[in-house]
Number of protein chains: 2
Amino acid sequence: MEFTEKQLQILEIAETLFAAKGFEGTSVRDIAEKAGINVAMISYYFGSKEKLLEALFKSRIGSVQVRMENLIKDQSLSPLQKINLLIDEYVERVLQHENFFKIMVTEQLITKNPSVLSSLKQLKLRNVELITQLIKEGQKKNMFRKKVDVVMMVNTMIGTVWQTTMNRDFYFELHPAPVGSTDSANTILIKRKLSIHIKALFKVILTHEA
Amino acid sequence: MEFTEKQLQILEIAETLFAAKGFEGTSVRDIAEKAGINVAMISYYFGSKEKLLEALFKSRIGSVQVRMENLIKDQSLSPLQKINLLIDEYVERVLQHENFFKIMVTEQLITKNPSVLSSLKQLKLRNVELITQLIKEGQKKNMFRKKVDVVMMVNTMIGTVWQTTMNRDFYFELHPAPVGSTDSANTILIKRKLSIHIKALFKVILTHEA
DNA sequence: ATAAAAATCAAACAGTTGTTTAATTTATTG
DNA sequence: CAATAAATTAAACAACTGTTTGATTTTTAT
């Protein structure tokens with residue numbers, strides 16, 4: 001996935017617009033205008049609006065996998081520590097790329113684009129595989145219980161993070177932050193809350209007998 | 001919200017199309033064709049495509065609240081039993097109206113429609129209020145721990161159910177059901193899995209000290 | 001400096017969008 | 001049955017859609 005500087009700039013603007021108005025709700029003219037370029041440049045650079053979306057997925061998903069892979073190999077950490085790090089990593093990643101996650105969630109339900117769908121499926125598989133491996137390691141060392149439904153566990157993590165992130169405003173209406181607190185301070189708060197919450201849930205799923 | 005028979009029929013078809021292709025991705029001609037009516041009838045009955053969406057939200061959300069309300073008053077049930085019933089109720093409801101939930105989730109992120117947004121907010125508030133009340137009851141009877149983050153708890157329930165429902169196909173690719181099993185059999189399986197899983201999580205959240 | 005390649009542009013393209021119009025059919029009512 | 005109202009229709013409306021064209025400018029390489 002090699003993209004030029006110009007392409008990356010267009011992708012970034014497309015990302016914010018797709019997140020705010022949806023893929024179908026965003027016109028190529030919207031993107032061109034906000035990027036300060038001519039409409040024709042989108043076809044010129046990406047071929048089509050559809051292929052622009054594919055490029056966005058390839059670009060964003062490609063940059064994810066690396067750090068996770070190294071986690072498994074680390075011998076100095078216990079299985080539970082690894083799981084906890086994985087949770088932190090995931091929470092961090094979603095909140096850092098909120099816009100792309102919006103697009104992922106909304107688009108995976110309605111797109112028929114085979115390239116996008118296969119990117120998503122590959123990502124999901126990788127997630128499950130990775131956690132499965134971590135859990136097996138913990139089971140071998142008798143630190144985790146035997147029967148664990150990995151898919152359900154992943155669903156809880158992804159779902160909770162998703163639901164919390166997308167309803168962040170609602171949360172702060174119910175739990176008003178101190179006046180004058182910045183948006184980024186709130187983000188940190190949400191991150192910590194999510195991390196603690198999910199770690200507690202996972203610990204139970206993994207260690208308590210049913 | 002009083003709708004005629006004809007209006008309800010149109011709403012139902014619009015619901016399936018919005019769920020499959022998104023609101024922006026569905027044209028009024030798509031709806032008219034599938035409903036076997038003239039395009040003009042949609043403006044005639046609802047005023048506009050936008051108001052059709054509002055009508056859909058009002059119609060579907062309005063029919064939700066009733067059963068939940070009665071749950072609280074029931075004196076014969078323990079707080080935990082009530083929570084468990086609430087979980088069953090919620091899982092049941094989402095899986096029964098899968099299409100509408102798809103629309104809810106995708107549209108709440110991108111719509112600027114004030115009527116839709118306010119319907120959604122009202123629904124969320126009601127959910128949190130209800131569970132808060134149930135939890136307070138359990139705390140008074142010293143059956144639940146003192147500090148419970150209700151919003152986070154609700155997020156875990158909604159998020160898990162959502163994530164599991166929307167990735168149902170993925171789940172059955174990893175855990176193949178017996179050959180010849182029907183779709184509705186799979187739905188029942190998912191319901192049970194979700195129900196058990198979330199009940200276990202909630203029990204921990206509510207009773208274990210941190 | 002010159003030729004070739006790449007980038008940018010305004011304009012036009014054919015389709016589709018949601019909505020409205022005005023005519024016609026169907027149903028209701030007195 | 002006649003008059004009124006409601007429902008339905010095909011056609012037209014202007015605005016917008018993604019994409020292409022062909023000319024023009026800018027950049028690169030010789």
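We use all heavy atoms of the structure for the numbers below, so side chains are in, but hydrogens, waters and symmetry mates are not.
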For the pair made of [atom1] in [X] and [atom2] in [N], what is the distance, rounded to whole Å?
X: B:Ile37; N: C:dT26; atom1: CD1; atom2: C1'; value: 17 Å
X: B:Tyr45; N: D:dA7; atom1: OH; atom2: C1'; value: 6 Å
X: A:Lys6; N: D:dT26; atom1: NZ; atom2: C1'; value: 12 Å
X: B:Met41; N: C:dT20; atom1: CE; atom2: P; value: 14 Å
X: B:Glu33; N: D:dT8; atom1: CD; atom2: C1'; value: 17 Å

Side-chain donor-acceptor contact under 3.5 Å, B:His197 with B:Thr160: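 Distance-only check fails for B:His197 and B:Thr160.
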No-hydrogen, no-angle side-chain donor-acceptor test under 3.5 Å, B:Thr111 and B:Asn113: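 B:Thr111 vs B:Asn113: no donor-acceptor pair found between side chains.
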Quiz item: cation-pi between A:Lys124 and B:Phe170, 6.0 Å / 45°: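 Checked: cation-pi criterion met.
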Salt bridge flag under 4.0 Å for residues B:Glu24 and A:Lys21: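 The answer is no: the pair does not qualify as a salt bridge.
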Whether B:Phe18 and B:Phe23 hold their rings parallel, tilted or perpendicular, with breakpoints at 30° and 60°: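 Perpendicular, since the angle between the ring planes exceeds 60°.
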Could you go over nucleotides 16-21 of chain D and give all protein N or O partners under 3.5 Å, atom names and distances?
from   : atom 1 : to      : atom 2 : distance (Å)
D:dG18 : OP1    : A:Thr26 : O      : 3.4
D:dG18 : OP1    : A:Lys49 : NZ     : 2.8
D:dG18 : OP2    : A:Val28 : N      : 2.9
D:dG18 : N7     : A:Arg29 : NH1    : 2.8
D:dG18 : O6     : A:Arg29 : NH2    : 2.9
D:dT19 : OP2    : A:Lys49 : N      : 2.8
D:dT19 : O4     : A:Arg29 : NH2    : 3.4

Check against side-chain hydrogen bond (donor to acceptor under 3.5 Å, both in side chains), A:Ser195 and A:Lys199: CA-CA 6 Å; A:Ser195 181; A:Lys199 282 175 190 169; 3.2 Å; yes
